[in-house]
Enquirer: 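Dropping a structure here in structure tokens format, bear with me for questions.
We name chains A, B, ... by the order of the sequence lines, and we start the count at 1 in each one.
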Amino acid sequence: MAKSIIDLKALTIELAHAALVRGDFTAAELAQAYLDEIAEKNKDINAYLEVFDDVLEQATKAQSLVKPENMLAGIPIAIKDNILIKGRRVGSASKILEGYVAPYDATAIKKLRDAGVVFLGRVNMDEFAMGGSTENSAYGVTRNPHDVSRVAGGSSGGSAAAVSMNGALAALGSDTGGSVRQPASYCGVVGFKPTYGSISRHGLMAMGSSLDVIGTITKTVRDSRILFDAMKGKDSFDSTSIDIPAVNSQKKPIIGVPRSFLTGDGIDPAVIKSFDESLKRLAGLGYEIKDIELPNIKYSLAVYYVIMPAEVSTNLSRFDGVKFGAKVEGKDLLEDYLLTRASGFGREARRRIMLGTYVLSSGYYDAYYNKANSVRELIKNDFVKAFELVDVIVTPTAPSPAFRVGEKVSDPVAMYLEDIFTVPANLVGIPALSVPAGSVEIDGKNLPIGVQFSAKQGAEDLLLGVTEVFLGEIK
Amino acid sequence: MITKQDIEKLAELARLKLTEAEAEKMQTDIGSILLYVDQLKEVHETTATTIVGSNRNVMREDIPQNAGGSYTRALVDSAPAHDGDFVKVKKIL
């Protein structure tokens, strides 16, 4: 009965909150509507790895928190499988964490729990957030709700697909090189990666510690803002976390476009067309648009594929069959390590561990790791200079719409190139988000295309404001 | 060019047992990724500041944040092999 009265497709956090406050439906009815939708759609999409068994209990408990000032009370959301919820299975979609149960809540989870959020379940991802298609999950690929022969993107593919198929009002993901924004672009939803450190990483499984940040997948920018406001802030458990000061500027932001970065031959013509239309829309909304130069941005992906695997090989060294998850017995401790890690990690995880071990090894450290850090500084300096001239930088989110399942699995470099526009924001630590900007029809299916907006560190308010205007959410 | 011996050495350092076929595929894949990242060699504009970088360590006092023993059970239970409050491992020496 709940399903007949609640139109999940049109629902946002804001609208659901208003309806809960009015009493149009209860938190339990809302949660049941999502459970029904997941039961119907997840078998084809594979967004959820697990739907929690206490969803209705959580919802009933949250009902008492439903008040006009509690925006998130009773709001059902999905959580990426690398964010810890106390007492729940969590595994970064890796066999090496088979059987692992989280001993504590991530700080972001604790804040959402206190706000009355209902956690629907844990959603699929590339193993340890490494990949752009969820094809690296040990539990099968997540398919794109717009065309099930195509990927949902990654690594937060389960998060984006869950929201896109109306299987959650919103989802948490993590973004190390575009893992929230790229799947959002492929699935036609909003993917927001905030400033590095603005949301605590405590309880987020580490991949690239100088790059990782928790992000949100939502249907509107206003919903992203609501979740961000609930999770942000300095946390004593994460020494890299920071407070984002409130900045109130009345000046109309200036938009920058790094033209020379957008002329590569790997960019799909439909993406270019959609991007040009977005610029026209911005101009029509009265924004001044300027061309900018970011001379070293072309090296971003090369820098990323040194620094990220270096951090991955370090962070993933803790998975050895001694402390958590699965274990394969060998004849001695060394063989326990070798066998556990060989069978527990998937192909991409092993590839990046090996690559990271290489760039950090004696004799290659200077040529690769130090060099990459040095070029990272140059890229940061380019952005600092650009943000003296403009307030927001616009690029496509990904060079193509969603690709087919299996299309890129055999060529790691082709897969990595999907991150070309998203990686710079992680290297520089700035906030960036992808919002739907149109679609292209391929084989009778409408495939979404996103556009990416970024701003300087801590300029979330301005960034979200511009995109709210761009999408017509506010005037 | 990364050699087969390099791959074997790296697998040993990374504590990964690779089959012959996996080692061969790894050699091709890592070779193509290194070829891609080699474009960093074009960049010569690296100064003392960029080498040292702008990030700094943030230190704090090492003071326990939780009551002693409050997570012991959950953490020990996470280990594949344990006995009482101890994590079990094979003899090293």
Enquirer: Determine the option with the most heavy-atom pairs under 4.5 angstrom with chain A, choosing from B:Val87, B:Ile33, B:Ile92.
Expert: B:Ile33

Enquirer: Heavy atoms only, distances under 4.5 angstrom: which of A:Arg351, A:Arg352, A:Lys327 has the most pairs with chain B? Name it, please.
Expert: A:Arg351

Enquirer: Identify which part of A:Tyr100 has an atom lying under 4.5 Å from any heavy atom of chain B, answering side chain, backbone, both or neither.
Expert: side chain

Enquirer: Among B:Ser32, B:Ala79, B:Ala74, who wins on heavy-atom pairs under 4.5 Å with chain A?
Expert: B:Ala79

Enquirer: Do the rings of A:Tyr368 and A:Tyr358 sit parallel, tilted or perpendicular, given the 30° and 60° boundaries?
Expert: tilted

Enquirer: Between A:Glu311 and A:Ser210, do the side chains contain an N or O donor and an N or O acceptor separated by less than 3.5 Å?
Expert: yes

Enquirer: Output the option from A:Leu355, A:Leu316, A:Thr340 having the highest count of non-hydrogen pairs under 4.5 Å with chain B.
Expert: A:Leu355

Enquirer: Out of B:Met59, B:Lys25, B:Glu42, return the one with the most heavy atom pairs under 4.5 angstrom to chain A.
Expert: B:Glu42

Enquirer: A:Ala372 versus chain B, heavy atoms under 4.5 Å apart: side chain, backbone, both or neither?
Expert: both

Enquirer: Side chain, backbone, both or neither: which part of A:Ser239 has an atom under 4.5 Å from a heavy atom of chain B?
Expert: both

Enquirer: So which part of A:Asp332 gets closer than 4.5 Å to some heavy atom of chain B, the side chain, the backbone, both or neither?
Expert: backbone

Enquirer: Mind telling me whether A:Phe128 and A:Phe319 have parallel, tilted or perpendicular rings, with 30° and 60° as the class edges?
Expert: tilted

Enquirer: Looking at side-chain heavy atoms only, is the closest gap between A:Leu427 and A:Lys380 below 4.5 Å?
Expert: no

Enquirer: Verify whether one side chain among A:Ser92 and A:Asp81 offers a donor that lies under 3.5 Å from an acceptor in the other.
Expert: no

Enquirer: Report yes or no: do A:Tyr196 and A:Arg201 form a side-chain donor-acceptor pair below 3.5 Å?
Expert: yes

